**Student:** 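Have a look at this one before I ask anything.
Chain A is the first sequence line, chain B the second, and so forth, proteins listed ahead of strands; every chain is numbered from 1. These values consider heavy atoms only, across backbone and side chains, with no hydrogens, waters or symmetry-generated copies. All of these numbers come straight from a predicted model, not from anything done at the bench.
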Amino acid sequence: MLPRHHAKSDAYSNGYPRAKEKNTYSISPHRFQPRASPPALRRRRQLLIRLALILGIALFAFFVWPGASILPLLSFGFISSGEEFQLETVRYYDLSNVQGTARGWEREERILLCAPLRDAESHLRMFFAHLHNFTYPHHLIDLAFLVSDSKDRTLPLLSELLEDLQADEDPKMPYGEISIIEKDFGQKVNQDVESRHGFAAQASRRKLMAQARNWLLSAALRPYHSWVYWRDVDVETAPFTILEDLMRHNKDVIVPNVWRPLPDWLGGEQPYDLNSWQESETALALADTLDEDAVIVEGYAEYATWRPHLAYLRDPYGDPDMEMDIDGVGGVSILAKAKVFRSGVHFPAFSFEKHAETEGFGKMAKRMQYSVVGLPHYTIWHLYEPSVDDIRHMEEMEDERKAREKEEQEKMDRMKKIKDQFADPNSQWEKDKTDIQNEAMKEKKAKEKDQTSTSKDTEAMQAPAENTDMKSETKVEAKPETKESKAATEKE
Amino acid sequence: MGPARVLRRSSPLTIVVGVVLCITIFVFLLSPSTADTAASKERSAKAASNPLSPPTSPFRKQSEKANGKRTPPPVVHYKMNNVTSTADPVGNRETVLILTPLARFYQDYWDNLLKLTFPHELITLAFIIPKNREGNSATAALQEQITKTQKLGPEKNRFASIIIERQDFDPPLSSQSEAERHKMENQKARRAAMSKARNSLLFTTLGPSTSWVLWLDSDIVETPPTLIQDLASHNKEIIVPNCFQRFIDTKTKKWDERAYDFNSWQDSEEALKLGAEMGPDDILLEGYAGMATYRTLMAYMYKEGADIRQTVPLDGVGGTALLVKAEVHRDGAMFPPFSFYHLIETEGFAKMAKRLGWRATGLPNYKVYHYNE
């Protein structure tokens, strides 16, 4: 309101401030004259107050009204009045920007990390330890998991670990888009180590695995991905820089060598992934003789392919950057450019050139003129899960060890019994000897020295007992040595 | 001047009017938006929280982050056991992904899309466009139409989401004219590139929630508006309508129509024999005089006035219009850019699907129309 019509007594109507002296004489020609009578003024004021009250109540009602939120008021209703203002429905992608280069982390190239899971609860924590350690910028990696036909707690544990990962305090820890895909295929084949690696089950098992991989990839691959990394959750040891290490080679498809550690009695280590190989004439000739749906699998005596395997070419001191052209690839750890998958290369769930799954993938990539490479001296380590044979063997060894220990124990007990039952002739003999000596001493020396000879006697009694203890100990120690040498000869 | 002043000062009328106005504005602001229908609710319910989400759903634009921090994307579960593809896609709210490799933009194609009666909030469109001059102009024309539909058009016409991709390799031919395109020696390279484009489009857009994939070429300018429902109602894994072309007969000067797509066929002994004699990288082509395959072509099975729901089993399919259950593609059936059993692209796709245990079906009397150059 303008101050013009204020009726306050100390206000000045002409707007000029008067001098501060109170007693200044003034005629004041612009004297204020109220236009309305005082009662009318009062009425108007009352009305104003009432209206303000009503407005206040109305506003209060709106604010507190159940369901009404303050937000639309504050945002003036423009942004939130319809959600379509916020929804983006059109996306534009230029695929030539996501070709994949040797130094992807500098160009912010996104990687899709795919991990198919089935009853993998026991390996998940190990896998997440690897996720924590990757040096490739985490926000550029999108994770996609396919959980299928699992009977254990894989799914709840996975979501729990992922939630923790995304909520990590460290801003460098959380990953990009995370998808957990739940799809059951109806598992027809048992998944324990023995049946998993049995020859007869291989073809159908691998076709099912291929199907799972394809579902995962087709659901998770996006137009913004430059790379796709396939990783099994049961990898125990791998360099933290594996993504950069593989990427640096700038190949369309690249795999490291996969070995696994073994207990000492089995040789300490062993090639694990036999699916990475170079094609051989023998195998090609063999393929021609097989029927359309047959699948050649590596590592079984049934198909002698004489192929050079990546795994067997490992030299622990070899150059880790050495490359080898391969035709079939193993699925433990595959880094591939996304364009390979975009152009249609997938994991054949049928017999493609007599191969399925990852080996078929390698074959198909080759067929489309992509480079498929393995690194024979760059090794990652698969978890060692003892096979049924190994477990049996270990049980046998354990039994043997127990039997031997029992035998030891019995032997010792027997010795003890003998000692207890029969008085030790040694001590008796010692005693006799000292007695004789004493006698001799007595004869020689004076009779006052009788007391010292008795104390000597007790010392002599203790010594032989200690002696026997030492003997039994060395015996126990000697046994394991023979055990080891026996195992060593068995190995050879 | 006097009375006006009195009115302004003393009359409570102006104040009352002001208050009423204020209240109406508040009521207007607080009332739910008028467009809050079931469809738009479904749209916003499906919207993802970040742009990394599957492109088959829209996403909420992210407001500026407080203190510049990146909020990590959430963990999202996709229950693919619940993704169905049934004979009643509208009733079961199944989503359709319409895939179009776009070389040229035809207004008729877009108009025909808008006429489809399948609920648009269940449709995602995806295009792949080569990166050349022709592609650029096609992209511009397409984007103009998209803006018209998605931003300015009525809500029921808007599609759930639209994806535009630019191809990462050059088309093997500089010219896209019909005569050049159909030369036999150019066919293999052309169709290999086409396969790659189709696969790129398919595998980057399929996502975890798509039920059906409709392949629709950019030069299909006329289909029945109920195309999706009609094809899906057969509940077949792969189903192809018959593709025809309208033209003006030079003799009678009248509109007539002729069969256009010869890639939908049933195999013949002769074709298999021909294939067996070929080198591993050679392909069999249909519709060329130099290669008599004696296959039974669906294009010639059309009978005027016959039952449009009649189905025939097929061994090769054409891609001009093709409805596929998403699970077929998810299993790995793609468009081979190489000679696969001497077949390539869509025909190779039918063969690969067959190897995976899926069968192709044709509708000889159900017609869609190809643009006539």
Side-chain angles (χ1 to χ4, degrees), chain A residues 36 40 44 47-48 51 54-55 58 62 68 72-73 77 81-84 86-96 99 139 142 159 162-163 166 171 174-184 210-211 214-215 217-219 221-223 339 341-344 346-350 367-368, chain B residues 10 12 15-16 19 22-23 26 29-30 33 35 40 43-44 47 52-53 55 58-61 69-70 72-81 131 146 150 158-168 195-196 199-200 203-208 329-332 334-338 355-356:
Chain A
R44 207 183 66 186
L47 190 78
L48 263 172
L51 281 173
I54 291 166
L55 189 74
F62 270 121
L73 269 175
S81 64
E83 244 199 318
E84 56 266 40
Q86 273 190 316
L87 288 188
E88 183 60 70
T89 57
V90 185
R91 308 189 196 212
Y92 181 93
Y93 301 100
D94 189 342
L95 297 181
S96 52
Q99 292 298 294
H139 70 275
D142 300 309
S159 20
L162 283 172
E163 298 281 358
Q166 289 306 83
Y175 279 77
E177 193 204 4
I178 296 192
S179 336
I180 302 176
I181 293 155
E182 300 163 36
K183 168 70 189 175
D184 297 324
Q211 195 189 13
N214 291 335
W215 276 67
L217 183 86
S218 62
L221 188 66
R222 310 260 181 271
K339 70 172 182 191
F341 289 104
R342 281 202 300 269
S343 67
H346 62 282
F347 301 93
F350 57 93
R367 186 72 196 264
M368 292 196 205
Chain B
S10 63
I15 300 161
V16 171
V19 167
C22 254
I23 290 172
F26 278 123
L29 290 185
L30 284 167
S33 72
S40 72
R43 277 173 210 266
S44 53
L52 295 177
S53 56
F59 64 94
R60 287 188 189 83
K61 280 181 218 163
K69 254 190 181 168
R70 209 173 13 226
V75 179
V76 190
H77 287 254
Y78 299 102
K79 296 189 167 48
M80 289 185 74
N81 288 326
K131 271 191 103 175
I146 288 175
Q150 296 296 99
R158 294 183 199 166
F159 297 100
S161 98
I162 298 178
I163 307 146
I164 305 169
E165 287 179 7
R166 300 306 296 273
Q167 209 165 287
D168 50 348
S195 303
K196 276 192 179 178
N199 291 335
S200 300
F203 288 112
T204 52
T205 57
L206 190 56
H329 285 310
R330 289 192 219 277
D331 270 357
M334 51 86 164
F335 301 89
F338 51 86
R355 297 283 289 123
L356 288 161

**Student:** Which one wins on heavy-atom pair count under 4.5 Å against chain B: A:Pro174, A:Ser179, A:Ala210, A:Ser159?
**Tutor:** A:Ser179
**Student:** Any idea which heavy atoms bring A:Arg222 and B:Pro55 closest together, and the distance?
**Tutor:** CD-CD, 3.8 Å
**Student:** When you compare the side chain of B:His329 with that of A:Ser218, does any pair of heavy atoms fall below 4.5 Å?
**Tutor:** no
**Student:** Could you point out which residue of B:Arg166, B:Gln167, B:Glu165 forms a side chain to side chain contact (heavy atoms under 4.5 Å, CB included) with A:Asp94?
**Tutor:** B:Arg166
**Student:** Is any side-chain heavy atom of A:Ile178 closer than 4.5 Å to one of B:Pro73?
**Tutor:** no
**Student:** Taking A:Ser343's backbone N and O only, do any of them form a donor-acceptor pair with B:Asn199's side chain (distance below 3.5 Å, no angle check)?
**Tutor:** yes
**Student:** Between the main-chain N or O of B:Asp331 and the side-chain N or O of A:Asn214, is there a donor-acceptor pair closer than 3.5 Å?
**Tutor:** yes
**Student:** Under the rule for ring-ring contact (aromatic ring centres under 6.0 Å, His included), what residues qualify as partners of B:Tyr78, not counting sequence neighbours?
**Tutor:** none
**Student:** How many angstroms lie between atom CD1 of A:Ile181 and atom CE of B:Met80, to the nearest 0.5 angstrom?
**Tutor:** 6.0 Å
**Student:** Can you check whether A:Glu182 reaches B:His77 side chain to side chain, under 4.5 Å on heavy atoms?
**Tutor:** yes
**Student:** Where do B:Phe203 and A:Phe341 come nearest, in terms of heavy atoms and distance?
**Tutor:** CD1-O, 4.0 Å
**Student:** Of the backbone (N, CA, C, O) and the side chain (C-beta and beyond), which part of A:Leu162 lies under 4.5 Å from a heavy atom of chain B, both, or neither?
**Tutor:** both
**Student:** Is chain B contacted by the side chain of A:Tyr92, its backbone, both, or neither, given a heavy-atom distance below 4.5 Å?
**Tutor:** both
**Student:** Between B:Ile146, B:Val76, B:Asn81, B:Thr205, which shows the greatest number of heavy-atom pairs under 4.5 Å with chain A?
**Tutor:** B:Asn81
**Student:** Using 0.5 Å steps for rounding, measure from the OG atom of B:Ser53 to the CD atom of A:Glu88.
**Tutor:** 11.0 Å
**Student:** Sort out for me which of A:Phe347, A:Tyr93, A:Trp215 touches chain B most, counting heavy-atom pairs under 4.5 Å.
**Tutor:** A:Trp215
**Student:** With chain B, which of A:Ile54, A:Val90, A:Leu217 has the greatest number of heavy-atom pairs at distances under 4.5 Å?
**Tutor:** A:Val90
**Student:** Between A:Ser96 and B:Lys131, is there a side-chain heavy-atom distance shorter than 4.5 Å?
**Tutor:** yes
**Student:** Heavy atoms only, distances under 4.5 angstrom: which of A:Gln99, A:Met368, A:Arg367, A:Gln211 has the most pairs with chain B? Name it, please.
**Tutor:** A:Arg367
**Student:** Side chain of A:His346, backbone of B:Gly332: donor and acceptor closer than 3.5 Å?
**Tutor:** yes
**Student:** Taking only residues two or more places apart in sequence or in another chain, which ones pass ring-ring contact (aromatic ring centres under 6.0 Å, His included) with A:Tyr175?
**Tutor:** A:His138
**Student:** If you measure from CG on A:Leu95 to OG1 on B:Thr204, what distance do you get to the nearest 0.5 Å?
**Tutor:** 6.0 Å
**Student:** Chain A: which of B:Ile162, B:Leu356, B:Val75, B:Leu52 shares the most heavy-atom pairs with it under 4.5 Å?
**Tutor:** B:Leu52
**Student:** Quick one: NZ on A:Lys339 to CG on B:Asp168, what's the gap to the nearest 0.5 Å?
**Tutor:** 7.5 Å
**Student:** Please rank B:Pro336, B:Ser195, B:Pro208 by heavy-atom pairs under 4.5 Å with chain A and give me the top one.
**Tutor:** B:Pro208
